[in-house]
Amino acid sequence: MRTRIQTIADGAKLAARAILEFGSHLVNPTVRLGVTGLSGAGKTVFITALVHDLMHGARLPVFEPLASGRIAGARLEPQPDDAVPRFEYERHVEALVRERAWPESTRRVSELRLAVEYQSHNGVERTLTLDIVDYPGEWLLDLPLLTMSYRDWSAQALKLSYDEPRRKIASRWHAHLETLDPDAHEDEQAALTAAALFTDYLRACRDARYALSLLPPGRFLMPGERAGAPAFTFAPLALDAEPAPAQKGSLHAMMERRFEAYKSFVVRPFFQEHFVRLDRQVVLVDALAALNAGPAAVKDLEATLAAILACFRPGRWTLASALMRPRIDRILFAATKADHLHHSMHDRLERILADMTAQAIERAKFSGAQIDVVALAAVRATREATVTRGRERLPSIIGVPAAGEAAGTEVFDGSTEIAAFPGDLPEDSGALIAGAAPFRGLSAGPAQHADYRFLRFRPPLEPTGPGSVALPHIRLDRALQFLLGDRFS
Ligand SMILES: Nc1nc2c(ncn2[C@@H]2O[C@H](COP(=O)(O)OP(=O)(O)OP(=O)(O)O)[C@@H](O)[C@H]2O)c(=O)[nH]1
Ligand SMILES: [Mg+2]
């Protein structure tokens with residue numbers, strides 16, 4: 001009952017804001033673009049490049065409003081939400097173009113407002129306000145918890161953790177779990193240890209060697225200022241299948257209470273403050289990191305993408321249906337860092353991502369949202385060459401690997417340019433995803449035996465004149481055309 005009343009109250013509050021925002025939208029057309037992806041997927045680089053390119057009128061031939069000369073200019077404006085940190089565009093761009101370094105990792109939501117002056121198709125001068133919201137994909141993966149009980153979540157998390165390679169990684173947490181009796185008296189130390197071991201397991205799964213992605217609760221890996229709060233100190237318990245209510249004062253009741261607190265204080269505010277207000281969404285995916293790690297990571301990524309898409313399906317969420325909108329009408333899945341591959345492989349990378357999302361997209365179709373898939377590099381760090389090895393001609397890439405990157409026994413110093421052959425992606429991506437095309441990744445042994453090895457290259461340097469630097473890209477214009485093109489009509 002409580003949940004229903006709360007749902008109605010939440011719905012009313014959100015609907016009132018929606019009407020307010022709709023009103024101001026008529027006067028001042030605004031697009032709220034959500035940019036998400038798991039940690040390291042390339043969100044900060046994508047937004048920095050997008051803003052830089054719009055402000056400097058970069059070469060974006062497929063982005064029609066800019067290519068046809070209808071966009072006169074873009075400028076940064078104060079962002080509308082006072083409580084949300086600003087996306088530190090200047091600092092990130094400074095790192096990229098002056099220091100030739102990738103921006104630092106950002107672990108929270110941030111926002112930036114850009115005003116774009118343009119001429120409509122019938123010649124009228126207009127301004128489009130573009131609000132860009134950068135938020136961790138891990139937060140998105142928490143949304144399904146809103147409709148889950150502690151019992152459901154425990155069962156799901158346990159089931160997942162018994163599949164290899166997770167089982168091996170989870171062994172210490174599993175051993176502790178066996179010592180816990182859910183009906184025993186509540187015990188803070190037991191909860192603390194369980195939460196710590198469970199978090200260690202999640203963290204180890206995310207390690208580049210395994211690169212697993214489906215790891216809720218997302219905030220366990222990035223708790224911020226709430227670290228140590230009871231809402232972050234819970235873990236799954238092995239509960240009986242029989243759905244008996246938790247006994248008062250038991251460990252089970254304590255964990256359940258904290259799980260509910262996590263939903264109320266962490267997940268629901270994100271949903272209300274950020275998620276429901278988005279108009280367009282780009283989900284950045286580091287598919288190459290999964291290929292680096294091996295088949296289990298590829299399979300895990302596919303499940304993650306399905307979970308992400310399910311978040312955009314209206315009708316499923318009580319809160320969203322109360323809002324009367326599927327507001328997000330375009331979703332783009334983008335495989336990032338395509339510059340780690342020779343251009344002959346870009347289409348294959350795109351196909352791998354398309355196949356990974358195909359089933360989920362099919363299910364989401366009725367929502368009316370348009371979905372597209374692209375392989376891109378927001379900032380292209382490499383050039384291309386064909387390297388002859390004996391009789392073979394290998395399509396290779398040339399770039400400066402970041403300091404500390406290694407290939408075989410060689411460790412790079414961050415200033416030497418090399419040509420690398422990253423490996424051919426398979427033509428038949430379906431087999432790869434179905435696990436029918438076994439390949440070796442980092443999770444299976446030493447790096448030199450892996451089938452794919454994508455190095456981290458330093459950002460490029462391409463001065464185009466005194467004081468100005470262009471950021472080369474791959475297919476960023478295609479992404480922009482899909483996400484924003486129609487809004488400049
Ligand atoms: N070559 C290349 N590397 C990229 C590109 N985009 C991102 N990267 C690499 O990926 C790393 C992570 O990119 P970020 O933009 O910081 O990723 P993020 O999603 O913001 O990550 P968090 O802030 O940690 O959540 C960078 O440090 C780069 O090494 C790209 O377009 N090309
Ligand atoms: Mg970031």
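This structure is a prediction, so every number in the text was calculated from the model and none was measured. For this chain, numbers begin at 1 and follow the sequence in order. As the structure lists them, so they are numbered: ligands from 1, and atoms in each ligand from 1.
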Check: Val62 main-chain N/O paired with Asp477 side-chain donor or acceptor under 3.5 Å: yes

Side-chain donor-acceptor contact under 3.5 Å, Arg107 with Ser39: yes

Test item: Tyr210 and Cys205 side chains (from C-beta on) under 4.5 Å apart, heavy atoms: no

side-chain hydrogen bond (donor to acceptor under 3.5 Å, both in side chains) partners for Asp300, two or more places apart: Arg166

Student check: side-chain heavy atoms of Val51 and Phe87 closer than 4.5 Å: no

Test side-chain contact (heavy atoms from CB on, under 4.5 Å) applied to Pro217 - qualifying residues, sequence neighbours left out: Asp142, Leu145, Trp153, Phe198, Leu202, Phe220, Phe234, Tyr262

The Mg ion (ligand 2) - number of protein N/O/S atoms closer than 2.8 Å: 2

Side-chain donor or acceptor of Arg380 paired with backbone N/O of Asp339 under 3.5 Å: no

Any donor-acceptor pair under 3.5 Å from Lys263 side chain to Met148 backbone: yes

Proximal protein residues to ligand 1, non-hydrogen atoms under 4.0 angstrom: Leu38, Ser39, Gly40, Ala41, Gly42, Lys43, Thr44, Val45, Trp102, Ser105, Thr106, Arg107, Lys337, Asp339, His340, Ala377, Ala378, Val379, Ala381, Arg456

Main-chain N/O of Arg393 paired with Thr386 side-chain donor or acceptor, under 3.5 Å: no

